[in-house]
Enquirer: 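Take a look at this one; I'll ask things after.
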Amino acid sequence: MQERYEPAAVEKAAQDHWEQHRSFVASEDAGREKYYCLSMFPYPSGRLHMGHVRNYTIGDVLARFMRMQGRNVLQPMGWDAFGLPAENAAIANGVPPAKWTRDNIDYMRRQLRSLGFAIDWQRELATCDADYYHWNQWMFLRMLESGVAYRKTGVVNWDPVDKTVLANEQVIDGRGWRTGAPVEKREIPMYYLGITRYAQELLSALDGLQEWPERVRIMQANWIGRSEGVELSFPYDGDTRSLIGTDGQLKVFTTRADTLFGVTFVAVSAEHPLATAAAARDPKLRAFVDECRHGSTMEADIALAPKRGMPTGLHVKHPFTGQPVEVWVANYVLMAYGEGAVMGVPAHDERDFEFAHKHGIAIPTVVVPGSGAYDAVGETWQAEYGEYGKLINSGEFSGLGSAAAIDAIAAALELRDLGRKRVQWRLRDWGISRQRYWGCPIPLIHCDKCGVVPVPDDQLPVVLPENLVPDGSGNPLQRCAEFLHASCPKCGSDARRETDTMDTFVDSSWYFLRYASADAKGGPVDARADYWLPVDQYIGGIEHAILHLLYSRFWTRVMRDLSLVKISEPFSRLLTQGMVLNHIYYRAPASGRREYFNPEQVQPTFDASNQRVGGVSLVDNQPVEYGGLGTMSKSKGNGVDPQTLLDKYGADTLRMFTMFTAPPEQTLEWSEEAVSGQFRFLRRLWKAIHDHVQAGGPVAGIARTFDRAASSDGVRALRHKTHQTLSKVTVDIGKRRTFNTAISAVMELLNAVAAYSEQGDAAHAVRQEALEIAVLALSPIVPHITHELWHALGHAGAVIDEHWPEPDPDALTQSVVELIVQVNGKLRGRVQLAAGADRDTALAAAMADPTVVRFVEGKPVRKAIHVPDKLVNLVV
RNA sequence: GCGGGCGUGGCGAAAUCGGUAGACGCAGCAGACUUAAAAUCUGCUUCCCAUUUAGGGAGUGCCGGUUCGAUUCCGGCCGUCCGCACCA
């Protein structure tokens with residue numbers, strides 16, 4: 001064994017061993033319990049970032065730990081390879097997205113390998129491979145057949161200068177990212193997936209996901225947004241009827257049908273048909289409607305905007321009283337929720353209250369609290385106005401409580417065919433059409449005679465041409481004759497291929513299923529998926545808490561209903577890892593953009609209480625401002641390239657740092673000093689084993705039976721520490737997922753070994769055992785160095801093939817324990833006692849402690865608490 | 001506005017079921033080794049009082065409650081981060 005720890009050589013040797021022994025190739029084995037450990041696959045952006053390292057290290061530690069526990073482990077990896085950045089890179093460099101993407105994959109795959117992740121690379125997939133997206137297309141066609149997928153017009157962002165559709169992230173402050181031109185809204189036909197059909201199931205099943213973080217479940221429940229209420233109709237009056245041209249009703253949805261008699265106006269969104277009709281005959285209203293439609297699309301801005309509105313001059317009739325109610329256009333009504341229209345009840349809804357005050361509309365009270373705290377609403381809004389109570393001035397319903405009134409009003413409306421109870425969802429169907437090149441083609445053909453015709457299964461996949469270079473204007477597929485041209489599968493005449501591609505969230509909604517049957521030919525998956533699924537542990541960023549995880553839950557159910565899989569929930573257990581943060585330094589010139597400085601190039605400055613307040617750039621020696629801690633990002637210039645660290649310290653140090661510095665769900669603060677601290681620890685571990693082996697000669701021959709009675713106190717204490725450490729690490733990794741405390745425990749063990757100075761065979765044996773446990777316990781976290789150290793400790797086999805050891809119960813028991821002694825709850829002393837000492841013995845020992853005596857002396861003991869083998873508390 | 005999390009030394013954090021607050025590590029200080037530096041090793045390192053020893057007091061954002069005992073449970077407040085945001 002070498003005296004110095006040299007990570008490069010150690011890591012190469014370990015990786016070669018795993019490679020040669022195909023250690024991570026997984027195969028189905030019905031006789032063994034499986035463990036499917038999955039980390040969210042990366043977008044191949046170019047290089048790994050620290051977030052990837054953290055994510056994949058967490059997964060790898062669990063995979064390796066479970067492997068040692070005897071589970072049949074699958075840990076696959078792939079690439080979320082379609083998407084906008086590849087097109088942007090193409091525009092910038094003139095390289096086809098396919099080449100850029102595949103080059104990035106090659107580089108990042110090498111990086112993942114050099115980090116030593118226990119990945120089964122035989123199952124690797126990239127979503128841009130036709131073998132993969134073939135099945136996106138196939139499943140889309142099945143959904144089209146079953147009606148889950150359907151066509152409807154949708155609104156897109158249109159850049160009038162580049163004449164192209166923009167993704168939301170390409171719209172910055174309402175303008176196109178490249179041209180700066182104000183973005184327009186356009187309606188075009190698009191395809192939707194009916195996720196709302198599954199809304200109730202997706203919501204109810206959240207209760208079963210007890211191994212998911214609660215906040216993810218709450219976020220999903222809020223996103224699905226179930227609300228129970230009443231849909232009701234206000235019939236048009238004569239004037240409105242003649243303007244619209246048909247008899248009709250204005251439909252609204254409300255959760256507060258009990259306030260129906262307080263309606264003094266009805267408000268519709270600017271996109272509502274009534275608004276359009278009224279605007280056609282009123283130029284002022286038309287100007288207002290246009291303004292609302294073009295207003296900021298930032299939802300936070302909308303929420304803060306004042307309640308603006310204009311009357312349409314149109315009226316509808318109250319469903320019970322028949323009284324005319326005026327229709328207004330209001331900027332706070334959303335077309336996309338409910339019916340795009342609301343009944344205005346100013347006395348009992350804060351927004352309606354503000355609106356009515358502003359526009360001089362009456363505010364009659366129709367619900368009062370049971371206590372009679374008020375009988376009419378005042379000038380300023382009070383929260384109690386929105387509460388349930390007892391109805392007044394509500395015709396036949398007066399006197400009822402709110403809940404009963406809602407039932408009665410709904411029943412009465414139903415009799416008149418003017419309304420009914422129903423559930424409204426916030427969740428909307430998923431529009432998957434993207435007017436982009438680098439994505440999975442939607443398998444449809446447009447024929448002048450037959451209309452939209454699905455591509456037959458035997459002509460799948462519709463292959464995306466990979467040699468196109470987008471230039472920022474439009475979708476290059478529309479200029480690619482060989483892709484565009486097709487013959488109609490129905491009538492055979494010349495036809496045009498659909499050029500829209502699918503949202504990349506489609507690709508990531510089922511990739512975890514494909515890993516489980518990576519080379520299945522006849523369908524997206526085969527029976528092997530039934531063995532591996534569901535994923536036992538999924539690990540990824542909190543940023544995917546809603547969309548990706550919800551879409552995957554939906555897609556899995558669709559596949560279930562197509563009899564492709566047997567499960568409903570894809571991920572049994574979810575861990576959302578925290579972000580990686582670093583300091584932010586910047587200069588803010590009087591005019592122009594902030595300039596950011598890489599923290600490595602800044603000498604920080606601190607105030608009197610040691611708080612970071614600024615810094616000096618090492619480049620020009622001028623001061624820079626401190627911007628706090630923030631997620632590592634390109635735009636803030638505070639990223640750290642893991643490759644640099646890998647080259648400098650090796651994979652084990654990097655893995656160790658990400659696992660030790662914070663628990664996995666919390667944010668992780670970058671610190672190069674902490675990294676070098678982890679490197680120092682590994683070096684100390686190396687040296688400890690080196691010295692041990694040198695001192696003791698060949699160690700394999702040591703007999704390791706410990707006779708408790710014959711052992712010295714030192715041997716017993718070190719054995720106790722060793723097995724205590726083992727049981728802590730087992731729980732911390734296996735149950736609590738607190739890798740940081742697991743590492744701390746091993747550090748303590750190593751400190752104990754260093755402090756243990758006894759010599760002789762028994763001492764050498766107990767030291768050997770301690771070091772072996774330390775190596776085994778750390779091996780999931782730092783697999784390379786432990787691979788080498790396991791051999792150094794005298795073992796012929798590889799540490800990865802070792803079984804996770806069980807703590808020795810005999811070593812864990814202690815014959816003498818220390819009790820703490822409190823007086824009135826304050827720590828006053830400690831006493832050594834035989835384990836299991838009874839109350840009287842413990843109290844007697846406690847009273848004998850000199851410090852305790854000083855505090856108890858002369859005062860009667862009123863009460864004494866005894867927690868066996870733990871503490872005594874004397875109340876005086 | 002609504003929902004959720006978090007608040008502990010100079011810093012990252014630990015305390016797992018209500019029982020020793022600050023494990024482990026970083027940074028810092030002192031010492032050893034060295035011609036010197038680095039590396040390494042040893043010791044100290046929450047604050048205040050006392051310091052010759054022994055010790056004593058306070059302390060987990062703030063105020064209060066429950067308890068023999070609260071970082072932990074309960075109520076209220078403050079700060080901070082995240083998510084959603086005119087959802088009818």
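In what follows, chains carry the letters A, B, and so on, assigned in the order in which the sequence lines appear, proteins first and then strands, with residues in each chain numbered from 1.
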Enquirer: Taking 4.0 Å as the cut-off, does a side-chain nitrogen or oxygen of R736(A) come that near to OP1 or OP2 on A15(B)?
Expert: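 It does, given that an N or O in the side chain of R736(A) lies less than 4.0 Å from OP1 or OP2 of A15(B).
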
Enquirer: Where does C17(B) land, syn or anti, once you apply the within-90°-of-0 test for syn?
Expert: syn

Enquirer: Counting Watson-Crick and G-U wobble pairs only, both distances under 3.5 Å, name the nucleotide matched with U20(B), or none.
Expert: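 When the pairing criteria are applied, nothing turns out to pair with U20(B), so the answer is none.
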
Enquirer: Give the rounded distance in Å between these two atoms: CG of N824(A) and P of C68(B).
Expert: 12 Å

Enquirer: Give a yes/no answer on whether the side chain of R612(A) brings an N or O atom under 4.0 Å of OP1 or OP2 in G10(B).
Expert: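 Answer no for this pair, as no side-chain N or O of R612(A) is under 4.0 Å from OP1 or OP2.
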
Enquirer: Please report the distance, rounded to the nearest Å, between CG in L685(A) and P in U40(B).
Expert: 15 Å

Enquirer: With rounding to whole Å, what would you report as the distance between A14(B) and C33(B) at their P atoms?
Expert: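 Here A14(B) and C33(B) have their P atoms 39 Å from each other.
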
Enquirer: What integer number of Å spans the C1' atoms of U71(B) and U52(B)?
Expert: 37 Å

Enquirer: Look at the side-chain N and O atoms of R828(A) and state whether any lies under 4.0 Å from the OP1 or OP2 oxygen of G57(B).
Expert: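 Checking G57(B) against R828(A), a side-chain N or O does come within under 4.0 Å of OP1 or OP2.
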
Enquirer: I'd like to know whether CD of E6(A) has more than 12 heavy-atom contacts from other residues, nucleotides or ligands below 6.0 angstrom.
Expert: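 Yes.
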
Enquirer: Would you mind classifying the nucleic acid contact of E339(A) as base, sugar-phosphate or nothing, using non-hydrogen atoms under 4.0 angstrom?
Expert: nothing

Enquirer: Compare the minimum distances between each of G12(B), C68(B), C86(B) and the side chain of R351(A), then state the nucleotide with the smallest one.
Expert: C86(B)

Enquirer: May I ask which nucleotide in the shown strands pairs with A32(B), Watson-Crick or G-U wobble, both distances under 3.5 Å?
Expert: U40(B)

Enquirer: Identify whether any heavy atom of L871(A) sits under 4.0 Å from a base atom; if not, whether one sits that close to sugar-phosphate; answer base, sugar-phosphate or nothing.
Expert: base

Enquirer: Can you find an N or O donor on one side and an acceptor on the other, under 3.5 Å apart, linking the side chain of R684(A) with the base of U40(B)?
Expert: no

Enquirer: Return the pairing partner of U72(B) with a 3.5 Å limit on both distances, Watson-Crick or G-U wobble; otherwise return none.
Expert: none

Enquirer: Nearest of U16(B), G83(B), A27(B) to any side-chain atom of E673(A)?
Expert: A27(B)

Enquirer: Touch check for N873(A), heavy atoms < 4.0 angstrom, all strands: base, sugar-phosphate only, or nothing?
Expert: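 Answer is base: heavy atoms of N873(A) come under 4.0 Å of a base.
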
Enquirer: Please determine whether the number of non-hydrogen atoms from other residues, nucleotides or ligands lying under 6.0 Å from atom CZ of R215(A) exceeds 12.
Expert: no

Enquirer: Determine the contact category for K687(A): base if any of its heavy atoms lies under 4.0 Å from a base atom, sugar-phosphate if only primed atoms, P, OP1 or OP2 are that close, otherwise nothing.
Expert: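 Nothing, no heavy atom under 4.0 Å.
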
Enquirer: For F660(A), answer base if it contacts any base atom (sugar-phosphate contacts may also be present), sugar-phosphate if it contacts only those atoms, and nothing otherwise; contact means non-hydrogen atoms under 4.0 Å.
Expert: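 Base, at least one base atom sits under 4.0 Å.
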
Enquirer: Starting at the 5' end of RNA chain B and moving along, which residue's nearest nucleotide shows up first, D349(A) or S671(A)?
Expert: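 Checking each residue's closest nucleotide, the 5'-ward one belongs to S671(A).
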
Enquirer: Could you please name the option among A13(B), A88(B), U16(B) that lies closest to any side-chain atom of T254(A)?
Expert: A88(B)

Enquirer: What does V345(A) touch in the nucleic acid at a heavy-atom separation under 4.0 angstrom: a base, only the sugar-phosphate, or nothing?
Expert: nothing

Enquirer: For a quick test of reading the model: is some side-chain N or O of K863(A) closer than 4.0 Å to OP1 or OP2 of C68(B)?
Expert: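 Checking K863(A) against C68(B): at least one side-chain N or O falls below 4.0 Å of OP1 or OP2.
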
Enquirer: Assess whether one donor atom and one acceptor atom, taken from the side chain of E214(A) and the base of G5(B), lie less than 3.5 Å apart.
Expert: no

Enquirer: Please pick, from G19(B), C86(B), C68(B), the nucleotide with the shortest atom-to-atom distance to any side-chain atom of V875(A).
Expert: C68(B)

Enquirer: Using OP1 and OP2 only, check whether a side-chain N or O of N331(A) sits under 4.0 Å from C86(B).
Expert: no

Enquirer: Under 4.0 Å, counting only non-hydrogen atoms across every strand here, what does F855(A) touch: a base, just sugar-phosphate, or nothing?
Expert: sugar-phosphate

Enquirer: Is K648(A) paired with E672(A) through a side-chain N to carboxylate O contact shorter than 4.0 Å?
Expert: yes

Enquirer: Measuring from the side chain of T255(A) (C-beta onward, heavy atoms only), which nucleotide among C24(B), G83(B), A88(B) has the closest atom?
Expert: A88(B)

Enquirer: Between S227(A) and A88(B), is there a side-chain N or O to OP1/OP2 distance below 4.0 Å?
Expert: yes

Enquirer: Using the purine O4'-C1'-N9-C4 or pyrimidine O4'-C1'-N1-C2 torsion, is G9(B) syn (within 90° of 0) or anti?
Expert: syn

Enquirer: Have a look at G677(A) and say if it touches a base, only the backbone sugar-phosphate, or nothing, with a 4.0 Å heavy-atom cut-off.
Expert: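 The answer is sugar-phosphate, as G677(A) gets under 4.0 Å only of primed atoms, P, OP1 or OP2.
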
Enquirer: Contact class for Q666(A) (heavy atom, under 4.0 Å): base, sugar-phosphate, or nothing?
Expert: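 Sugar-phosphate only.
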
Enquirer: In whole Å, what is the span from the CD1 atom of I743(A) to the P atom of A13(B)?
Expert: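 The distance from CD1 of I743(A) to P of A13(B) comes to 14 Å, rounded to the nearest Å.
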
Enquirer: Once you round it to whole Å, what is the distance between C1' of G12(B) and CD of E672(A)?
Expert: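 Value for this atom pair: 16 Å.
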
Enquirer: Within 45 degrees of the axis of the six-membered ring of F855(A) and under 6.0 Å from its centre: does R828(A) put its NZ or CZ there?
Expert: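 Cation-pi check for R828(A) and F855(A): passes.
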
Enquirer: What integer distance in Å separates I820(A):CD1 from A21(B):C1'?
Expert: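 Between C1' of A21(B) and CD1 of I820(A): 11 Å.
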
Enquirer: What's the closest nucleotide to the side chain of A662(A) if the choices are C84(B), A13(B), G25(B)?
Expert: A13(B)

Enquirer: Classify the nucleic acid contact of Q822(A) as base, sugar-phosphate or nothing, counting any heavy atom under 4.0 Å across all strands shown.
Expert: base

Enquirer: Check whether any side-chain nitrogen or oxygen of R680(A) sits under 4.0 Å from OP1 or OP2 of C26(B), and answer yes or no.
Expert: yes

Enquirer: Taking 4.0 Å as the cut-off, does a side-chain nitrogen or oxygen of N222(A) come that near to OP1 or OP2 on C87(B)?
Expert: no

Enquirer: What integer distance in Å separates K826(A):NZ from G59(B):P?
Expert: 8 Å

Enquirer: For the pair Y585(A) and Y626(A), name the ring-plane relationship: parallel under 30°, tilted 30 to 60°, perpendicular over 60°.
Expert: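 If you compare the ring of Y585(A) with that of Y626(A), the planes turn out tilted.
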
Enquirer: Using a 6.0 Å cut-off, check whether atom CD of E3(A) has over 12 heavy atoms from anything other than its own residue.
Expert: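 Result for CD/E3(A): open.
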
Enquirer: Measure from the side-chain heavy atoms of V342(A) and tell me the nearest of A85(B), G19(B), A88(B).
Expert: A88(B)

Enquirer: Quick check for you: among G56(B), G25(B), U16(B), whose closest atom lies nearest to any side-chain atom of V731(A)?
Expert: U16(B)

Enquirer: Please pick, from C82(B), G25(B), U20(B), the nucleotide with the shortest atom-to-atom distance to any side-chain atom of M747(A).
Expert: G25(B)

Enquirer: Is the count of non-hydrogen atoms from other residues, nucleotides or ligands lying under 6.0 Å from K358(A) atom NZ greater than 12?
Expert: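 More than 12 within 6.0 Å, yes.
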
Enquirer: May I ask you to establish whether R4(A) and W686(A) are in a cation-pi arrangement, using a distance under 6.0 Å from NZ or CZ to the six-membered ring centre and at most 45° from the ring axis?
Expert: no

Enquirer: Does OP1 or OP2 of U40(B) have a side-chain N or O of R683(A) closer than 4.0 Å?
Expert: yes

Enquirer: Between U20(B), A15(B), G83(B), which nucleotide has the shortest distance from any of its atoms to the side chain of I546(A)?
Expert: G83(B)

Enquirer: Over 60° means perpendicular and under 30° means parallel, so tell me whether F355(A) and W328(A) are parallel, tilted or perpendicular.
Expert: perpendicular

Enquirer: Could you let me know what A58(B) is paired to, Watson-Crick or G-U wobble, both distances under 3.5 Å, or none if it's on its own?
Expert: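 The answer is U46(B), by the H-bond criterion.
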
Enquirer: On RNA chain B, compare the nucleotides closest to K728(A) and L874(A); which residue's is nearer the 5' end?
Expert: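 Mapping each residue to its closest nucleotide by heavy atoms, the 5'-most match is K728(A).
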
Enquirer: Hey, is the main chain of I406(A) close enough, under 3.5 Å, to the side chain of D258(A) for a donor-acceptor pair?
Expert: no

Enquirer: What is the distance from CD of Q424(A) to C1' of A88(B), rounded to the nearest Å?
Expert: 9 Å

Enquirer: So which nucleotide does A15(B) pair with, by the Watson-Crick or G-U wobble rule with both distances under 3.5 Å?
Expert: none

Enquirer: Under 3.5 Å for both donor-acceptor distances, Watson-Crick or wobble: does C26(B) have a partner, and if so which one?
Expert: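 For C26(B), the partner nucleotide comes out as G10(B), under the 3.5 Å rule.
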
Enquirer: U42(B) C1' sits how many Å from N751(A) CG, rounded?
Expert: 13 Å

Enquirer: Can you tell me the Watson-Crick or wobble partner of G1(B), both distances under 3.5 angstrom?
Expert: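 With both distances under 3.5 Å, G1(B) matches C84(B).
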
Enquirer: With a non-hydrogen cut-off below 4.0 angstrom, is N740(A) in contact with a base, only sugar-phosphate, or nothing?
Expert: sugar-phosphate

